[in-house]
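What you are looking at is a predicted structure, and each value in this text was computed from that prediction instead of being measured.
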Amino acid sequence: MSISMVRVFVFGIEITEITNNIPNVNNKMFADITLESVTFKSNWKKERSLASSGCQTSELVVEEVACQSVKYKSVKTQTEDDSDKFSGFADDNSGHLAEFLRRVEPAMHKQLEMNVKSHAFDDYEVTWDEGSSTISSIHKLTNAAHDGQFQITGLSWNSTGAVIAASYGRFDHEDWCTHKTSLCTWNLERRNLDENKPDTVLEVSSCLMCTAFHPSNPALIAGGTYNGVVIVWDLSREDDMVLTSSGIGDDSHREPVSKVTWVPDTSSLKKNKYLLVSVSSDGKMLVWKMDRKTKQIELHDGFVLMNMNLPTQLRKSRTMRGDKEVGVTCISYNNENKDSFIIGSEPGAVFKCSMSANGEQPAGNIISSIQLKSPVTFTYAHHYGPVYSAEFSPFHRNAFLTSSMDQTLRLYSMLQKQPIMTLEPGEGVIYSTKWSFSRPALFAATTDTGLLLLYDLTQNQPVPVYKLEAGGLMGNNARAPVLTCQFNQHQNNLIATGDATGCIQVFRISDSLKTPLSRDLEILGDLVDITTES
């Protein structure tokens, strides 16, 4: 018996097996032998394991529920049949009623004739409600973003009477305008009206000197800038509200636009067709027509006021050219004859003009695509300072008012050179004057001392019946000048004012003052007609 030891190296591991009782076969050193297998785990790489798992949301439950409730109920009513009741007239054959009527008829007839001829109740107006006898300020509107830097240069009510627009700018420029101003609107019928924040703010790259709503379209509004541009906005748009603009060029103004106004297009067969007229310090009066398809304004006609039109007393120098332009400050069209209008000028002259006039033409120093001509047909007695306002009466075709820097307010007849009446309130410069749309004898004026003056021509004395403090307080406790005013044509108990601090006041006038009297128009006519005949 021999003992053998076998060494086997597997992966560097020594395995020793000792065997005994191994027969020596043929006494050979080596022989074939079968050994039991040995297993072991490898430690050179970590063991990996795989597992599968899953998840499932809870079961989706869908349920449909419907309900409906309909209930009908029929109710009928029937009046009682009174056909069986007697409803006839009393049958009187006595003749007493006829005898009574014959007896009183002459006296009644005589009294009725006396009542027709009597003037006892001429100034008495029946009012079925108890109206207020006072005038009160109901709104004070401002644009807080401007912080009092700009003045109210113009006011306008829209065609419904619910929205008021104000143009912001300055009249005291000494050089080219670089201000950023705006056109602001307020709807006074809104429940959540914010008096310090306008409903609409339209930004303008220079001072806006005037504004005017379209007479029939409440969304259209025009304005004129200090740089001479005429702009039309459409407030019904959601994004860019600028509808059209005249731009800057030969066919536009070269100086600040003083006034813009809408007038009926008499050449059109359509009723609601209007022209836009603008006047400026450059002497031009331009008539703009809006193209129906492109919605752009195009120059339709034009006029120019020249030095030759001025009275001799107002001409600066005899050597000055006769076709030298003269600044136009205001314009107003006759309520009955839209071909006729009046203008006021910077030197103080007041002119009657015509749209069909074919007056003198400038020598050629004015460049324009259309031939400009003078519209002047008559010259009235002049003011002694720039004319700030001219306004035709909405009730009498020959009556118009003017106000001026010379601190006077004048009533003219179109048929007479001299004024019918000259009023001197003693309150400084009179910036604006307007007629009431409800009373022929009522008009308003605004002053340099911050007052709104209301005049009634039916009064015996030519003094204001009301003096209202309309200008805001300034640093020196003085009232700011009131630069403009405007009656509301559709709500005739409202009048708005705008002052030099950028504040707008809306006043409600008394019922007794706004209600027309039967003799209002007669009194105004007597003033104009008597003076005309004399």
Side-chain angles (χ1 to χ4, degrees), residues 140-156 164-186 196-198 200-212 221-231 233 245-246 248 252-260 278-282 327-331 344-346 385-389 403-405 428-433 446-452 470-476 478-486 496-505:
K140 290 185 178 181
L141 310 173
T142 60
N143 184 355
H146 287 324
D147 194 24
Q149 298 179 17
F150 301 108
Q151 304 165 341
I152 303 296
T153 56
L155 292 172
S156 181
I164 186 170
S167 55
Y168 281 84
R170 296 200 68 88
F171 288 110
D172 53 355
H173 289 86
E174 296 181 357
D175 202 347
W176 188 256
C177 177
T178 58
H179 296 135
K180 305 295 182 182
T181 61
S182 63
L183 174 68
C184 301
T185 68
W186 290 263
N196 296 320
K197 184 179 180 181
T200 304
V201 179
L202 305 175
E203 296 183 353
V204 186
S205 60
S206 65
C207 284
L208 194 62
M209 308 308 294
C210 54
T211 186
I221 185 171
T225 72
Y226 185 86
N227 295 339
V229 180
V230 176
I231 309 173
W233 292 272
S245 170
S246 67
I248 299 177
S252 61
H253 294 290
R254 297 296 184 93
E255 298 286 342
V257 180
S258 307
K259 288 289 184 294
V260 290
S278 60
V279 300
S280 167
S281 300
D282 62 3
V328 181
T329 55
C330 51
I331 184 171
S345 65
E346 291 179 352
V387 180
Y388 287 141
S389 179
S403 64
S404 169
M405 181 185 265
V429 177
I430 303 177
Y431 288 105
S432 175
T433 180
T446 62
T447 72
D448 185 47
T449 56
L451 297 179
L452 170 65
L473 286 174
M474 299 189 297
N476 54 359
R479 293 281 174 182
V482 182
L483 305 176
T484 181
C485 68
Q486 188 67 53
T497 62
D499 67 19
T501 64
C503 179
I504 305 162
Q505 284 207 65

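Checked against side chain to side chain donor-acceptor pair (under 3.5 Å), T200 has the following partners two or more places apart in sequence or in another chain: T185. Every residue was checked against the side chain to side chain donor-acceptor pair (under 3.5 Å) condition with S246, not counting sequence neighbours, and none meets it. Remark: S182 pairs with N143, H146, Y168, C184, V201 by the side chain to side chain contact (heavy atoms under 4.5 Å, CB included) rule, at least two apart or across chains. For T225, the side chain to side chain contact (heavy atoms under 4.5 Å, CB included) criterion is met by V204, S206, L208, N227, V229, I231, not counting sequence neighbours. Under the side chain to side chain contact (heavy atoms under 4.5 Å, CB included) criterion, T142 pairs with N196, C503, sequence neighbours left out. In this structure Y388 satisfies the side chain to side chain donor-acceptor pair (under 3.5 Å) test with no other residue, sequence neighbours excluded. Taking the salt bridge (charged side-chain N to carboxylate O under 4.0 Å, His left out) definition, one finds that D172 meets it with R170, sequence neighbours left out. With sequence neighbours excluded, the residues forming a side chain to side chain donor-acceptor pair (under 3.5 Å) with S278 are H253, W288, listed by chain and number. Checked against side chain to side chain contact (heavy atoms under 4.5 Å, CB included), T497 has the following partners two or more places apart in sequence or in another chain: L452, A470, V482, C485, Q505, F507.
The CD atom of E346 lies 4.5 Å from the OG atom of S281; values are rounded to the nearest 0.5 Å. In this structure, OG in S280 is found 11.5 Å from NZ in K259, a value given to the nearest 0.5 Å. Separation of atoms SG (C207) and OH (Y226) is listed at 8.5 Å; rounding is to 0.5 Å. Atom OG of residue S156 and atom CG of residue L183 lie 9.5 Å apart, to the nearest 0.5 angstrom.
Minimum heavy-atom separation, G472 to D499: N-OD2, 2.8 Å. In terms of heavy atoms, L155 sits closest to A166 at CD2-CB, 3.8 Å.
When atom types are taken as modelled, the side chain of R479 and the backbone of G471 share a donor-acceptor pair closer than 3.5 angstrom. Q151 contributes a side-chain N or O that, together with a main-chain N or O of F171, makes up a donor-acceptor pair within less than 3.5 Å.
The shortest distance between side-chain heavy atoms of L141 and I164 falls below 4.5 Å. Residues P481 and Y431 meet the side-chain proximity criterion, which asks for heavy atoms closer than 4.5 Å. Looking only at side-chain heavy atoms (C-beta outward), S403 and S432 stay at 4.5 Å or farther from each other. Between M209 and S258, the closest side-chain pair of non-hydrogen atoms is not below 4.5 Å. Inter-residue side-chain proximity for I221 and T211 is flagged as met; some heavy-atom pair is nearer than 4.5 Å.
Taking the six-membered ring where the residue is Trp, F150 and H179 present perpendicular rings, their angle passing 60° and hence far from 30°.
Just one of T501, I504, L483 meets the side-chain contact (heavy atoms from CB on, under 4.5 Å) condition when paired with I152; it is I504.
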